[in-house]
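The structure follows.
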Amino acid sequence: EGTVRPSAGDKVTIRARSDEFPQWTSGTTTIPYQPNVGKLSISESNSSEEEGYDVMTIRMELSDPEGVADYYFVRGMAIQGDNPYANPGFFDYTDIAFREGRTEGLLDELLGGFGDHAIFADAIIDGEQNYPLTMECEIYYSGESYTYQVECRQIDEHLYKYWRSMNLADNATLFGEPVQIHTNVEGGLGIVGAQSASVVRQKKRTPPMANNTRAL
């Protein structure tokens with residue numbers, strides 16, 4: 001039990017036990033800072049009003065502190081009117097930042113080449129200012145306009161390694177070596193992780209007619 005409200009940069013340890021499991025378990029992490037996110041720009045690639053999809057190139061500026069290991073979570077979504085349910089934006093992991101310094105093609109093996117979110121380390125963009133993080137995104141929608149929203153969080157190393165090992169396990173081959181799921185809990189299993197509050201950038205979208213291209 002506790003009433004402490006941690007702040008960014010604080011090192012936090014959580015200890016727990018119960019009647020069923022009387023042995024103390026604990027995990028430690030550091031609360032990450034908010035990511036430094038700049039402008040968001042969207043350019044057309046190919047859209048079809050009849051089939052209800054919008055394909056676009058999204059660039060979001062991201063400034064990364066030099067000499068510090070940072071980890072990020074990014075996702076995109078479309079919001080229409082008062083609809084509380086957002087449609088996820090599926091994008092290709094084409095930007096070099098998503099490759100994290102590994103060899104060509106490995107990210108496709110791990111994550112399947114595209115998805116509705118990305119987790120990545122700053123191995124390649126360490127110290128970059130206003131780096132144009134680029135995502136080729138496809139979104140399905142109904143109606144003429146919507147708001148496209150990109151969310152970025154900074155996550156801690158343990159949460160990154162946990163999600164990363166889960167992705168590896170989900171994409172492991174039947175005859176491959178078992179993947180060890182990351183844990184930082186002593187005396188038990190699980191993960192004690194942290195993430196910053198989200199930084200959100202958004203733009204109104206009115207998709208053009210099919211095969212018409214323009215830049216916003």
Side-chain angles (χ1 to χ4, degrees), residues 8 29-45 53-66 68-79 85-102 105-141 146-168 170-171 182 191 193-205 216:
T29 191
T30 300
I31 308 298
Y33 291 89
Q34 275 193 316
N36 188 351
V37 174
K39 294 185 295 184
L40 176 73
S41 62
I42 299 175
S43 59
E44 307 291 350
S45 178
Y53 69 82
D54 193 12
V55 181
M56 51 197 167
T57 299
I58 299 163
R59 289 184 177 86
M60 183 180 68
E61 294 179 350
L62 179 63
S63 294
D64 182 80
E66 185 175 3
V68 180
D70 294 303
Y71 308 91
Y72 298 98
F73 170 96
V74 175
R75 70 175 174 178
M77 62 196 77
I79 302 171
Y85 301 103
N87 293 333
F90 293 92
F91 52 84
D92 293 328
Y93 300 112
T94 52
D95 196 291
I96 192 172
F98 295 139
R99 300 186 184 278
E100 305 169 63
R102 292 180 171 85
L106 182 58
L107 193 66
D108 291 344
E109 295 175 15
L110 298 181
L111 301 180
F114 69 94
D116 62 0
H117 71 278
I119 56 171
F120 61 100
D122 67 346
I124 293 179
I125 63 170
D126 181 57
E128 293 284 342
Q129 298 298 304
N130 298 320
Y131 177 81
L133 188 68
T134 303
M135 296 159 274
E136 303 295 332
C137 180
E138 181 172 309
I139 192 79
Y140 289 87
Y141 68 98
Y146 61 90
T147 297
Y148 191 77
Q149 178 174 293
V150 179
E151 174 190 6
C152 182
R153 311 176 206 157
Q154 193 161 174
I155 59 179
D156 76 332
E157 180 181 10
H158 297 295
L159 197 53
Y160 166 79
K161 288 182 176 180
Y162 171 76
W163 279 339
R164 190 75 174 166
S165 60
M166 288 291 290
N167 286 332
L168 282 166
D170 289 343
N171 288 276
H182 177 73
I191 183 76
Q195 57 188 354
S196 66
S198 302
V199 175
V200 173
R201 296 288 182 268
Q202 58 187 24
K203 279 186 176 293
K204 292 284 188 179
R205 293 282 297 154
L216 291 184

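Since the model is a prediction, treat every value here as computed from it, not as a measurement.
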**OP:** Please answer whether the main-chain N or O of K204 pairs with a side-chain N or O of T147 as donor and acceptor at a distance below 3.5 Å.
**Re:** no
Subject >> Distance in Å, D64 CG paired with I125 CD1, rounded so as to fall on 0.5 Å steps >> reply: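 It comes to 5.0 Å.
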Subject >> Qualifying residues under side-chain contact (heavy atoms from CB on, under 4.5 Å), relative to Q149, sequence neighbours excluded >> reply: M77, I79, V200, Q202
Subject >> For Y148, all residues meeting side-chain hydrogen bond (donor to acceptor under 3.5 Å, both in side chains), sequence neighbours excluded >> reply: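 Testing Y148 for side-chain hydrogen bond (donor to acceptor under 3.5 Å, both in side chains), a comparison that skips the adjacent residues, returns none.
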Original post:
In Å, rounded to the nearest 0.5 Å, how long is the span from CG of L62 to CG of N36?
Top reply: 7.5 Å
Original post:
What heavy-atom pair brings F91 and G76 nearest, and what distance separates the two atoms?
Top reply: CE2-N, 4.2 Å
**OP:** Examine the side chains of Y131 and D95 and answer whether a donor and an acceptor come within less than 3.5 Å of each other.
**Re:** yes
Original post:
Are C152 and R201 close enough that some pair of their side-chain heavy atoms sits under 4.5 Å apart?
Top reply: no
**OP:** Can you sort out the partners of Q34 under side-chain hydrogen bond (donor to acceptor under 3.5 Å, both in side chains), two or more places apart, ordered by chain and number?
**Re:** none
Original post:
When you measure from the side chain of D156 to the backbone N and O of P32, does any donor-acceptor pair fall under 3.5 Å?
Top reply: no
Original post:
Roughly how far, to the nearest 0.5 Å, is CZ of R164 from CD1 of I155?
Top reply: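 These two atoms lie 10.5 Å from each other.
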Original post:
How long is the gap from NE2 on H117 to CZ on F90, to the nearest 0.5 Å?
Top reply: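 Atom-to-atom, H117:NE2 and F90:CZ are 11.0 Å apart.
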Subject >> Where P35 and V199 come nearest, the two heavy atoms and their spacing >> reply: O-CG2, 3.7 Å
Original post:
How would you list, by chain and number, every residue that makes a salt bridge (charged side-chain N to carboxylate O under 4.0 Å, His left out) with R153, sequence neighbours excluded?
Top reply: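 If we apply the salt bridge (charged side-chain N to carboxylate O under 4.0 Å, His left out) test to R153, skipping adjacent residues, the hits are E151.
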**OP:** Please state whether the rings of F120 and F98 are parallel, tilted or perpendicular, taking 30° and 60° as the class boundaries.
**Re:** perpendicular
Original post:
Where is the tightest heavy-atom contact between T29 and A194, given as atom of each residue plus distance?
Top reply: CG2-CB, 4.1 Å
Original post:
With a 4.5 Å heavy-atom cut-off, do I191 and H182 have their side chains touching?
Top reply: yes
Subject >> Spacing of CD belonging to Q195 relative to OH belonging to Y71, to within rounding of 0.5 Å >> reply: 15.5 Å
Original post:
Between Q154 and Y33, is there a donor-acceptor pair closer than 3.5 Å when you use the side chain of the first and the backbone of the second?
Top reply: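 Yes, the answer is positive, given that a donor and an acceptor are paired below the 3.5 Å cut-off.
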Original post:
Do N87 and Y140 have side chains that get closer than 4.5 Å, going by heavy atoms?
Top reply: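 The answer is no, as the side chains (C-beta and beyond) never meet within the 4.5 Å cut-off.
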Original post:
Are L133 and Y72 close enough that some pair of their side-chain heavy atoms sits under 4.5 Å apart?
Top reply: no
Original post:
Nearest 0.5 Å, what's the CD-CG distance between E128 and D122?
Top reply: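 Rounded to the nearest 0.5 Å, the CD-CG separation comes to 10.5 Å.
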Subject >> Under the side-chain hydrogen bond (donor to acceptor under 3.5 Å, both in side chains) test, residues paired with T30 that sit two or more places apart >> reply: none
**OP:** Verify, without hydrogens or angle tests, whether S43 (side chain) and S41 (backbone) share a donor-acceptor contact under 3.5 angstrom.
**Re:** no
Original post:
After noting the C-alpha distance and the side-chain angles of Y146 and D54, does the key distance pass the side chain to side chain contact (heavy atoms under 4.5 Å, CB included) rule?
Top reply: CA-CA 11 Å; Y146 61 90; D54 193 12; 2.6 Å; yes
Original post:
Under the side-chain hydrogen bond (donor to acceptor under 3.5 Å, both in side chains) test, which residues partner S196, sequence neighbours left out?
Top reply: none
Original post:
Do V74 and M135 have side chains that get closer than 4.5 Å, going by heavy atoms?
Top reply: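 Yes; the side chains approach each other to less than 4.5 Å.
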Original post:
Would you say D116's side chain and G89's backbone share a donor-acceptor pair under 3.5 angstrom?
Top reply: no
**OP:** Take D126 and E66, measure what side chain to side chain contact (heavy atoms under 4.5 Å, CB included) needs, and give me the verdict at the end.
**Re:** CA-CA 5 Å; D126 181 57; E66 185 175 3; 4.2 Å; yes
